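Have a look at the structure below before the remarks.
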Amino acid sequence: MRIAVPKEIYPDEQRVALVPSEIVKLIKAGHQVLVEAGAGTAASYTDEEYQQAGAGTALSPDALYVNAEVVFKVRPPQDDEIKRLGRGATLICFLETLREPAIAKKLAERGVTAVALEMVPRISRAQSMDALSSQASAAGYKAMLIGAEAIRKYFPMLTTAAGTIRPARAFVLGAGVAGLQAIATAKRLGAVVEAFDIRAATRGEVESLGAKFIEIDLGEAGEAEGGYAKEISDAAKKHEHEVIKDVLAHCDVVVTTAAVPGKKAPLLITADMVAAMKSGSVIVDMAVEQGGNVAGSQAGKKVTANGVTIIGPINLPSLMAIHTSQLFARNVVTLFTHLSPDGQLQLDFTDEITAGAVITHAGEVVNEKIIELLT
Ligand code: NAD
């Protein structure tokens, strides 16, 4: 098939959907690949490297899209990009349809088969296609490094001629994919690490990384069907706040990652909790783009409250673009190969991965969850 890879146009997006090593595989499988000039530049993949891997270079978006049968992208397409997609073309990218279901209608009207990476079911069989996880893991790593950089302290314990430095104390709130990588990163740097998550299943994962799991009896399950987090009651939230407040008081760096699928991120650290923290400590609010876990955090900004620095980083995976593009490319190629086992797209809607990830096909919105949201 003729596969096209555009340059991302979302502001400051550095990632690219395909890297040269994955192109080699696609070409071996009989596909043709066209990459827009400069598409990989921000992620340090040059046009020459793509050409050496066997891809053609399109000098303009018009030249890229004109004959494309399949488009691989990172970000959801903007209106200009949707207009360029040919009828019957397939698009694979993060679509964010749960947040913006209207995009599904536009793509269906355009006659595009749209495949949303964030809708790939999180089952063992689909792990190698799980771009949410590959990108979240990189984000968790980077968030802890941002915290480490900002605390103006050592992370490890040091014994020096000038005295002993005690290890930094890190706390990670939300131990999903990003949180576990934040914990592992803080451990590697030598901090003493504590963590909490409302899903009971995370305790073993936190402890296996050498961190301490904070005991909070919420009086109810924090898990919904399928093992995902659910929104907890106000009473449970109040209890969680009280316990966390005590933990925060002795922390140097806090990384918050808490999210509930389909909901605004829960506010877990209130202004009075920030006020009770040590001056000089740092909070990195990874949930800032979903509404924030921390009172006062601002997307893309660093603010200070009572001597506590609150950082609201945006698009962390993009800051790791060399590796996140590599991992994303593997995810997207594996998903595409799953959907086109004999080199041509063959959608089998009895397959859980296909039914979960394909949003539009043959002019219709076909995904049950999105149909429900649109009605
Ligand atoms: P996420 O980004 O949606 O949320 C981050 C974490 O915040 C979750 O662990 C959640 O439990 C936690 N959280 C929510 N409310 C909280 C609160 N009030 N206090 C503390 N923590 C709170 O999560 P994710 O990293 O995308 O992972 C979500 C789920 O997907 C998990 O169950 C995970 O095990 C599962 N998963 C499965 C696979 C697989 O099997 N292939 C792959 C990746 C993730």
Side-chain angles (χ1 to χ4, degrees), residues 94 96 98-99 117-141 143-144 171-184 194-206 208-209 211 213-245 247-248 254-270 273 283-295 313 316-317 327 330-331 334-335 338 352-353 356-357:
F94 281 130
E96 293 172 25
L98 286 177
R99 212 156 44 95
L117 284 163
E118 74 280 7
M119 300 290 278
V120 169
R122 295 177 103 178
I123 53 174
S124 312
R125 196 160 61 87
Q127 265 176 5
S128 54
M129 310 166 199
D130 184 355
L132 270 187
S133 288
S134 67
Q135 307 300 297
S137 182
Y141 169 83
M144 188 53 80
F171 180 48
V172 175
L173 201 40
V177 178
L180 290 172
Q181 192 54 251
I183 294 169
E194 294 171 305
F196 176 68
D197 195 296
I198 52 171
R199 289 184 297 116
T202 57
R203 168 194 278 275
E205 292 165 334
V206 166
S208 73
L209 292 170
F213 190 81
I214 298 293
E215 202 62 58
I216 308 179
D217 181 5
L218 295 172
E220 62 187 68
E223 280 163 35
E225 234 173 86
Y228 285 92
K230 73 170 177 57
E231 203 168 22
I232 53 175
S233 67
D234 286 348
K237 271 186 205 155
K238 190 163 171 276
H239 186 49
E240 183 180 0
H241 283 203
E242 281 160 11
V243 179
I244 290 173
K245 189 171 181 179
V247 177
L248 293 176
V254 179
V255 171
T256 68
T257 78
V260 177
K263 305 257 181 217
K264 190 171 173 281
L267 178 69
L268 299 178
I269 303 185
T270 57
M273 292 159 87
I283 308 176
V284 182
D285 183 0
M286 279 188 66
V288 72
E289 288 170 284
Q290 288 86 50
N293 293 145
V294 184
L316 285 168
L327 299 167
R330 175 65 62 86
N331 296 142
T334 314
L335 178 59
H338 178 78
E352 190 180 356
I353 298 173

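What's counted below: heavy atoms across the whole structure, side chains too, no hydrogens, waters or symmetry copies. Just so it is clear, the model here is predicted, and its values are computed rather than measured. Order of listing sets the numbers, starting from 1, for every ligand and every atom in it.
- Partners of R99 under the side-chain hydrogen bond (donor to acceptor under 3.5 Å, both in side chains) rule, at least two apart in sequence or in another chain, are E96.
- In this view, E289 satisfies the salt bridge (charged side-chain N to carboxylate O under 4.0 Å, His left out) rule with no residue, not counting sequence neighbours.
- Paired with L173 under the rule side chain to side chain contact (heavy atoms under 4.5 Å, CB included), one option of E240, E194, M286 passes, and it is E240.
- For the atom pair CD1 (I232) and NE2 (H239), the distance works out to 10.0 Å, reported to the nearest 0.5 Å.
- With sequence neighbours excluded, no residue forms a salt bridge (charged side-chain N to carboxylate O under 4.0 Å, His left out) with E352.
- Within the 3.5 Å criterion, the main-chain N or O of S133 finds no donor-acceptor partner in the side chain of S137.
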Any protein N or O within less than 3.5 Å of an N or O in ligand 1? List each pair with its distance, or say none.
residue  : atom   : partner : partner atom : Å
ligand 1 : 4 (O)  : A259    : O            : 3.3
ligand 1 : 7 (O)  : A259    : N            : 3.3
ligand 1 : 9 (O)  : G176    : N            : 3.3
ligand 1 : 9 (O)  : D197    : OD2          : 2.6
ligand 1 : 9 (O)  : R199    : NE           : 3.3
ligand 1 : 9 (O)  : R199    : NH2          : 2.7
ligand 1 : 11 (O) : D197    : OD1          : 2.6
ligand 1 : 11 (O) : D197    : OD2          : 3.3
ligand 1 : 11 (O) : R199    : NE           : 2.9
ligand 1 : 18 (N) : E240    : OE1          : 3.2
ligand 1 : 19 (N) : E240    : OE2          : 2.7
ligand 1 : 25 (O) : V177    : N            : 2.7
ligand 1 : 26 (O) : R122    : NH1          : 2.7
ligand 1 : 26 (O) : R122    : NH2          : 3.4
ligand 1 : 32 (O) : R199    : NH1          : 2.9
ligand 1 : 32 (O) : G227    : O            : 3.1
ligand 1 : 40 (O) : R122    : O            : 3.2

